[in-house]
Amino acid sequence: MNLLKRVQTDKSASLYLATCSGCHGEKMNAFVDRKWKFGNSKEDLFKSIKNGHPNEGMPSFKAAFTDKEIYALADYILTGIKNVDQYTIDEKPSSSLFKTEKMSIRLDTVAKGMQIPWSIAFLPGKDMLVTDKVGKLYQITEDGSKKEITGVPEVVAEGQGGLMDVILDPSFATNKLIYLSYSKPKNSLATTAIMQAKLSGDRLTEQKDIFIAEPYSRTRHHYGSRMVFGRDGFLYFSVGERGNEKENPQEIKGNDLGKIHRIKTDGSPAPGNPFAKTPGAEASIYSYGHRNPQGLAVDPKTGVIWSNEHGPRGGDELNIIKPGQNYGWPVITYGINYDGKIMSPISAKEGMAQPQHYWIPSIATSGIAFVSGNKYPAWKDNILSGSLRFKYLNRSVMQNDKVTHEEILFKNIGRLRDVRMGPDGFIYIAVESPGTIYRLVPLPN
Ligand code: HEC
């Protein structure tokens, strides 16, 4: 390669790493296996990068790069995918045994065969429910066999959407009710919705949408969709801002997007919600100014609700969720925009909550759990967060609600969608490619 060409390649490589890798992966793997949607000629790539595909979640880089830089990026990708050995990149760990800072862990496979397991809910007894983002719900038995549960809602399984979270009613033992969050279609639009249904053998009955977030959007990303029951017995759930940070997260009137809501199980707003008396405001809103929260959990010691959420490039956040609080998106953020431009010059403002912690670079958080019980004494009260981007489980050691230490667990295990404490005291994780549920079994170090 001549010198000029090499300089150009190095430049493209660093542009790619800084600007594209957050979504497409650090190596070219996303493009190697790609079924190209918009064509794979140099000209097609140029157009994709320059104009973006806003409805699919691909930003436009018109303002950020010159045409020459964009052509060089297209070249870089096309040359890159030819030279990449598909089977050596991003290698999965070859053993199920992991030595971690505090203990050794064996990952036992509980179930496999899903495509994108999004969420786990433990049934009384030893079975569990698992959603597959493509639009399926499974009941997994102790021996790992799975049966499909029919009667799930029709979903828009495109982009980041599909069948997402599943949780049980607090009185499931007597009423058999479950809740599913999903991407609900309307013509070419989609929104986040919550369905309540009864688990009757291997099918759902009495399905009822108890919440449909308004307005519907054309985009296919930032649905939020994590749910949790608070100690107050109300259902808390997140709705992402659907990629429209200008109109949604800061607007509490007639707008459910970029919010965390609190409702009764019949779908009506929980009594005492912070904006119930604000004229025009949505009475279900509990907090606002969110981007895309995909983790919600109750601290078992205090009952406080915590969330983790996707920031832009840099600036994923760990938050304590308080009623009426504004979490600041997009007015304040620690992140920068995907095209490298400053998102907001400020990261703090009066009246807007500061995160307990933020991740730069973004790890793309999904799922959150507090370590409790007595199986992992060295991790007690730590917070676990899934990382989609770096395909690992993040362990945060907490002190006075701040993160004092972090550890990366099971690097490259796969895009990690969910992490849960099981009723048996073990931690469970849901991982993609191939879709697998693992149990974390602690071993003497
Ligand atoms: C915010 C996440 C994000 C960032 C940042 C991003 N992309 Fe994308 N890109 C997407 C999504 C989502 C798509 C839509 C296709 C899909 O569903 O995978 C896409 C599509 C594309 C396509 C078209 C692929 C096809 O199937 O035809 C190209 C080429 C591309 N991106 C290149 C880039 C390059 C180069 C950069 C960096 C300058 C970049 N992207 C940055 C999310 C992103």
Side-chain angles (χ1 to χ4, degrees), residues 8-82 84 115-116 133-134 156-162 183 190 217-223 240-245 291-292 294 309-316 329-330 333 335-343 359-366 387-390 415 432-433:
Q8 189 57 57
T9 305
D10 287 352
K11 208 172 138 208
S12 297
S14 56
L15 276 188
Y16 180 87
L17 205 62
T19 329
C20 323
S21 67
C23 294
H24 289 290
E26 270 164 44
K27 302 196 180 142
M28 291 293 161
N29 42 338
F31 291 106
V32 172
D33 294 330
R34 176 166 285 274
K35 291 187 189 69
W36 292 83
K37 284 191 188 156
F38 306 101
N40 64 351
S41 72
K42 187 167 164 180
E43 204 57 39
D44 293 330
L45 264 69
F46 176 82
K47 276 194 216 138
S48 285
I49 303 167
K50 180 158 179 169
N51 304 323
H53 301 288
N55 291 345
E56 325 256 336
M58 166 73 185
S60 150
F61 290 92
K62 231 196 277 259
F65 304 141
T66 63
D67 283 5
K68 195 167 158 233
E69 283 170 325
I70 296 177
Y71 273 120
L73 264 172
D75 255 344
Y76 174 72
I77 292 171
L78 289 174
T79 329
I81 56 180
K82 271 188 237 130
V84 119
Q115 290 190 47
I116 303 177
K133 182 173 164 294
V134 298
V156 188
E158 291 170 18
Q160 296 173 359
S183 315
S217 306
R218 264 182 304 123
T219 56
R220 295 290 187 260
H221 59 298
H222 297 180
Y223 288 95
E241 41 69 308
R242 305 304 311 288
N244 184 345
E245 72 270 5
R291 188 171 181 271
N292 190 26
Q294 296 211 303
E309 85 174 62
H310 292 235
R313 193 176 123 204
D316 282 10
W329 175 251
T333 174
I336 47 176
N337 210 345
Y338 289 112
D339 62 9
K341 279 189 305 206
I342 303 269
M343 207 54 236
W359 285 280
I360 293 183
S362 294
I363 64 173
T365 56
S366 189
S387 164
L388 293 171
R389 176 175 173 198
F390 296 120
R415 287 164 66 79
E432 292 177 24
S433 312

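Heavy atoms only: backbone and side chains are in, while hydrogens, waters and symmetry mates are out. In listed order, ligands and their atoms are each counted from 1.
By the criterion of a heavy-atom distance under 4.0 Å, neither the backbone nor the side chain of A74 is placed next to ligand 1.
Those atoms of ligand 1 that come under 4.0 Å of a heavy atom in K37, given as number and element, are 15 (C), 16 (C), 17 (O), 25 (C), 26 (O), 27 (O). Distances below 4.0 Å separate heavy atoms of I49 from the following atoms of ligand 1: 32 (C), 35 (C). The distance from ligand 1 to the heavy atoms of C20 drops below 4.0 Å at these ligand atoms: 34 (C), 35 (C), 36 (C), 37 (C), 38 (C), 39 (C), 41 (C). Under a 4.0 Å criterion applied to the non-hydrogen atoms of L45, ligand 1 contributes the atoms 29 (C). Near F65, with a cut-off below 4.0 Å to any heavy atom, the atoms of ligand 1 are 38 (C).
Side-chain atoms of K11 and E69, non-hydrogen and from C-beta on, do get closer than 4.5 Å to each other.
Distance check: L73 CG to K68 NZ gives 12.5 Å after rounding to the nearest 0.5 Å. In this structure, CE in M58 is found 12.0 Å from NE2 in H221, a value given to the nearest 0.5 Å.
Atom 8 (Fe) of ligand 1 lies at 2.8 Å or more from every N, O or S atom belonging to S48.
For D316 against T365, the heavy-atom pair with the smallest separation is OD2-N, 3.4 Å. Shortest non-hydrogen contact noted between V156 and R220 is CG1-NE, 3.5 Å.
Relative ring orientation between Y16 and Y76 is described as tilted, the plane-to-plane angle lying within the 30° to 60° band.
Look at I77 and you'll find a heavy atom under 4.0 Å from some atom of ligand 1.
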